[in-house]
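These notes are about the structure you will find just below.
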Amino acid sequence: MKKILSIIITTASIIGCNPSKQSTVPSNTIDSTKGLKDYYANYFPIGVAVSPRSLKTEEAALITQQFNSMTPENCMKWEAIHPKENEYNFRDADSIAAFAQRNHMKLRGHTLCWHNQTPNWLFRNADGSTVSREVLLQRLKQHITTVVNRYKGTVYAWDVVNEAISDKKDEYLRPSPWLSIIGEDYIAKAFEYAHEADPNAVLFYNDYNETSPVKRGKIYRLVKELKESGVPINGIGMQGHWAINEPSMQQLDSTLQLFASLKLKLQITELDISVYHKEHDARERKPEDNDTEFTKEREQKQMEAYKMCFQLFRKYRKALSGITFWNISDRHSWLDDFPVKNRKDYPLLFDRNLKPKKAFWEVVQ
Ligand code: HAH
């Protein structure tokens with residue numbers, strides 16, 4: 001018997017998203033009238049990860065003043081946009097898409113296939129057993145087709161596969177239900193489905209810890225093999241979750257050089273620079289973590305790190321087609337909870353009052 005899918009589609013509520021309402025936003029939240037996007041107009045678009053809520057607060061004025069591209073931080077992830085098999089929730093993503101269109105901003109989609117922030121039903125049959133390769137491919141195709149189709153013409157680029165590569169030295173792909181149920185070709189399939197749904201979208205493989213010599217070698221290999229076997233992949237997204245002590249200039253330079261040599265698009269998709277020393281694994285907070293002030297020393301080190309990064313971004317301007325910050329200001333960052341739970345971080349160019357930090361002036365100089 002034919003299975004009838006009843007898809008509940010929640011459409012955008014545009015209430016509260018009217019740009020004319022922005023006139024109520026205090027104009028003194030920032031001193032300069034020129035934004036990052038203007039300073040870098042001849043280089044690359046400058047983007048920011050946003051939540052639907054941020055577009056209804058005073059942060060909205062900062063976003064439109066500083067940035068010409070956006071990425072939804074969470075609301076296009078599988079668990080948010082497709083929480084149940086027959087239920088899509090487009091409301092939040094729609095409101096971000098509408099804001100981008102109204103303000104003539106680019107929009108990146110994040111992300112179609114990932115091992116995190118996925119709902120429980122995805123890998124299971126109704127009886128709780130693990131789905132077959134065929135069923136999971138069918139679900140992946142249906143999801144990608146639906147989501148990519150909906151934002152066709154608004155989302156110009158997609159992070160198609162996120163974080164498929166292992167962080168372990170001797171392991172190539174990350175163990176995940178995608179890999180164990182479908183096999184290695186789940187990556188190629190995701191790109192094919194996305195390309196079929198929107199042949200004009202720019203399709204990225206996106207990953208973190210991309211400046212590590214071991215991991216970048218694996219990313220290079222994966223993307224090169226995909227490209228050579230005719231998979232419709234257009235670019236590499238380097239997340240860029242960095243810190244005051246990592247990567248070094250040499251490390252970042254050689255990574256950009258290596259990826260640029262693939263002659264694909266290259267973007268920094270999730271930039272932030274933590275004021276703490278880099279740690280890669282999540283852990284609980286300890287007494288030693290109590291020093292969480294944004295000290296002069298941290299400010300200085302972060303400024304130098306941002307300066308170095310943007311020097312190199314300018315050097316590789318021909319290869320780079322976008323730099324996106326992961327969150328807007330130090331008011332809120334995902335790093336407030338990662339890798340150390342509940343430890344305040346200050347990783348962005350705007351402080352908690354939405355004022356540009358010293359690092360901002362270093363970046364735009
Ligand atoms: C990124 N992962 C994700 O791409 C993004 O969707 C999320 O909002 C924040 C960061 C980085 C990461 C992780 O999730 C787990 C361990 C290390 C790094």
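Small disclaimer: the values here were computed from a predicted structure and weren't measured. Throughout, residue positions are numbered sequentially from 1 according to the sequence presented. Order of listing sets the numbers, starting from 1, for every ligand and every atom in it. The analysis underlying the following values was restricted to heavy atoms, covering all of them including side chains, and did not include hydrogens, waters or symmetry mates.
- For the pair K34 and Y39, the cation sits on the ring face: its NZ or CZ lies under 6.0 Å from the ring centre, inside 45° of the axis.
- With a heavy-atom cut-off of 4.0 Å, T111 does not touch ligand 1 at all.
- Contact analysis leaves Q117 out of contact with ligand 1, as no non-hydrogen atom separation drops below 4.0 angstrom.
- D330 pairs in a side chain to side chain donor-acceptor pair (under 3.5 Å) with only one of the listed residues (K357, K355, R352), which is K357.
- Considering backbone and side-chain atoms together, N116 places no N or O closer than 3.5 Å to any N or O of ligand 1.
- Residue K344 is tested with D289, D291, D336 for a salt bridge (charged side-chain N to carboxylate O under 4.0 Å, His left out); the sole match is D336.
- Side-chain contact of D272 with W334: a donor-acceptor pair under 3.5 Å is present, judged by distance alone.
- The nearest heavy-atom contact from the protein to atom 4 (O) of ligand 1 is E270 OE2, 2.9 Å.
- Here the heavy atom of the protein found nearest to atom 2 (N) of ligand 1 is E163 OE2, 2.7 Å.
- A donor-acceptor contact under 3.5 angstrom links the side chains of N290 and R285, judged on distance only.
- Atom 16 (C) of ligand 1 has F338 CZ, 3.4 Å as its closest protein atom, hydrogens excluded (heavy atom only).
- By heavy-atom distance, the residue among Y208, W114, W326 lying nearest atom 9 (C) of ligand 1 is W326.
- Taking the ring centre of Y156 as origin, the terminal cationic atom of K106 falls inside the region bounded by 6.0 Å and 45° from the ring axis.
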